[in-house]
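Here's the structure we're looking at; comments come further down.
In this text the structure is predicted, and so the values were computed from the model without any measurement. Read the numbers this way: they start at 1 and go in the same order the structure lists the ligands and their atoms.
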Amino acid sequence: MENVNNFRVQEKRYKCPGDLVPDLSEVLDTRDPNSYGYNNLQAVRPDVFTYSKVPGLIILKDCVSPDLQKYLLKEIMFEQLQDSKNKTNLSPFYKLPLETDSIWRRYHDGRECDLIEGIPPTKPATVERLIQKKLRWVTLGEQYDWTEKVYPDPALSPPFPTRLASFVEDLVQSYTDYPKWKAEAAIVNFYSPSDTLSAHVDRSEEDLTLPLISLSIGLDCIYLIGGSSRSEVPMALRLHSGDVVIMTGPSRQAFHAVPKILASTIPSYLLTESDQWNRWIQTKRVNFNIRQVRNS
Ligand SMILES: O=C(O)CCC(=O)C(=O)O
Ligand SMILES: [Fe+2]
């Protein structure tokens, strides 16, 4: 049965519209010792787990403090998003205002009804719609060229945010065999409850054995990770705000996907800011996917 797409079967099982909740009875949850597969977790240290069926995967539960989570979200929304060197999925389609007039700042200042001009044939859209629905990713540091499928000249790229870099570099140093690993590029993914990310392997970096870091803030999600082919049945893992996953060893080149974002799971510590902020984060999962691009 080598060519049965077992990954697809599991994606379909968890994918469901908006606020609906799929059957979670076969989802591993590091916060619930009674959850499916919990007995296959090995605790390397308290709150640091490996999982026998996905060799190389390291799960760091609750690894990002609430203060650091808020700092990282603000760094992205207020600082990185206003820099035209950081590409977003909106960049080719809208005339995005930048710096202190950025779409986030307008949203945050109560100007969510402002219309942002589209680049023809794209029609204009409100700040509200761009921030709440259409913004799906922004890239940091070395900017991947999705058309040419390359990382362009590093000399032209904006600097990688320093606090994010040092935080994840310390994690890679502590938990993997790659002490010199450097955070050079990141894609920050924004998901609402109806958004998904389909099965893929990240293959654009020069050395595909170097670890890849995935840091999650906001709503919980179901993360699927399998093996080197789509025929392998993936494990389903519930990720919470503050969790980090390190894909190293064989898991670095394993198929993975996000078939479901779980509505109404926002931790209360993320809801202590302005009304606009709270209204935004309440329906978002923000994932920082961080890579070393160059062969050192
Ligand atoms: O959102 C996630 O947890 C995964 C994102 C991902 O796999 C990617 O950006 O390549
Ligand atoms: Fe990925």
[X] and [Y]: side chain donor to acceptor below 3.5 Å:
X      : Y      : value
Gln80  : Glu75  : yes
Ser204 : Tyr151 : no
Gln276 : Arg279 : no
Arg252 : Thr209 : no

Legend entry - Glu184 CD to Glu169 CD distance, which is reported to the nearest 0.5 Å: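 It is 9.0 Å, given to the nearest 0.5 Å.
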Inset, instruction - Please go through Leu262's hydrophobic cluster and name the other residues, only I, L, V, M, F, W, Y counting, with side-chain heavy atoms under 4.5 Å joining them. - result: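 Besides Leu262, the hydrophobic cluster comprises Phe7, Tyr14, Val21, Leu24, Val27, Val201, Ile222, Leu224, Phe255, listed by chain and residue number.
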Show which atoms of ligand 1 fall inside a sub-4.0 Å distance from at least one heavy-atom site of [X].
X      : result
Ser214 : 3 (O)
His200 : 6 (C), 7 (O), 8 (C), 10 (O)
Arg291 : 8 (C), 9 (O), 10 (O)
Ile187 : 9 (O)
Asp202 : 10 (O)

Donor-acceptor pairs are to be reported for all side-chain atoms of residues 130-143 against protein atoms at under 3.5 Å, with residues two or more places apart or in another chain.
unit_1, atom_1, unit_2, atom_2, d
Gln132, OE1, Lys284, NZ, 2.9
Gln132, NE2, Tyr107, OH, 3.1
Lys133, NZ, Ser194, OG, 3.2
Arg136, NE, Phe190, O, 2.9
Thr139, OG1, Lys87, O, 3.2
Thr139, OG1, Gln143, OE1, 2.5
Glu142, OE1, Arg294, NE, 3.2
Glu142, OE1, Arg294, NH2, 2.7
Gln143, OE1, Lys87, N, 2.8
Gln143, NE2, Asn86, OD1, 3.2
Gln143, NE2, Thr139, O, 3.0
Gln143, NE2, Gly141, O, 2.9

Inset, instruction - Answer yes or no: is there a side-chain heavy-atom contact under 4.5 Å between Val286 and Asn189? - result: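 Answer no - side chains too far apart.
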Inset, instruction - State, yes or no, whether a side-chain contact exists between Ile213 and Asn289 at a heavy-atom distance under 4.5 Å. - result: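 In short, these two side chains do not touch, never coming nearer than 4.5 Å.
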Where is the nearest protein heavy atom to [atom]: which residue, which atom, and how far?
atom                   : value
atom 3 (O) of ligand 1 : Arg285 NH2, 2.8 Å
atom 9 (O) of ligand 1 : Asn189 ND2, 3.0 Å
atom 1 (O) of ligand 1 : Tyr191 OH, 2.5 Å

Legend entry - Side chain, backbone, both or neither: Leu197 near ligand 1, heavy atoms under 4.0 Å: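 Near ligand 1, Leu197 shows its side chain, while the N, CA, C and O stay back.
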Legend entry - ligand 1 N/O within reach of His256 N/O, cut-off under 3.5 Å: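 Between His256 and ligand 1 (N or O atoms, distance only) the closest approach is under 3.5 Å.
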Which pairs of donor and acceptor atoms, one on a side chain in residues 63-73, lie under 3.5 Å apart (sequence neighbours left out)?
unit_1, atom_1, unit_2, atom_2, d
Ser65, OG, Leu68, N, 3.1
Gln69, OE1, Ser241, OG, 2.6
Gln69, OE1, Tyr269, OH, 3.3
Gln69, NE2, Val64, O, 2.9
Gln69, NE2, Tyr269, OH, 3.1
Lys70, NZ, Tyr269, O, 3.1
Lys70, NZ, Thr272, OG1, 2.8

Legend entry - Lys/Arg N to Asp/Glu carboxylate O, Asp62 vs Arg31, below 4.0 Å: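 Salt bridge flag = yes for Arg31 with Asp62.
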Inset, instruction - Return the number of protein N, O or S atoms with a distance to the Fe ion (ligand 2) smaller than 2.8 Å. - result: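 My tally for this metal is 3.
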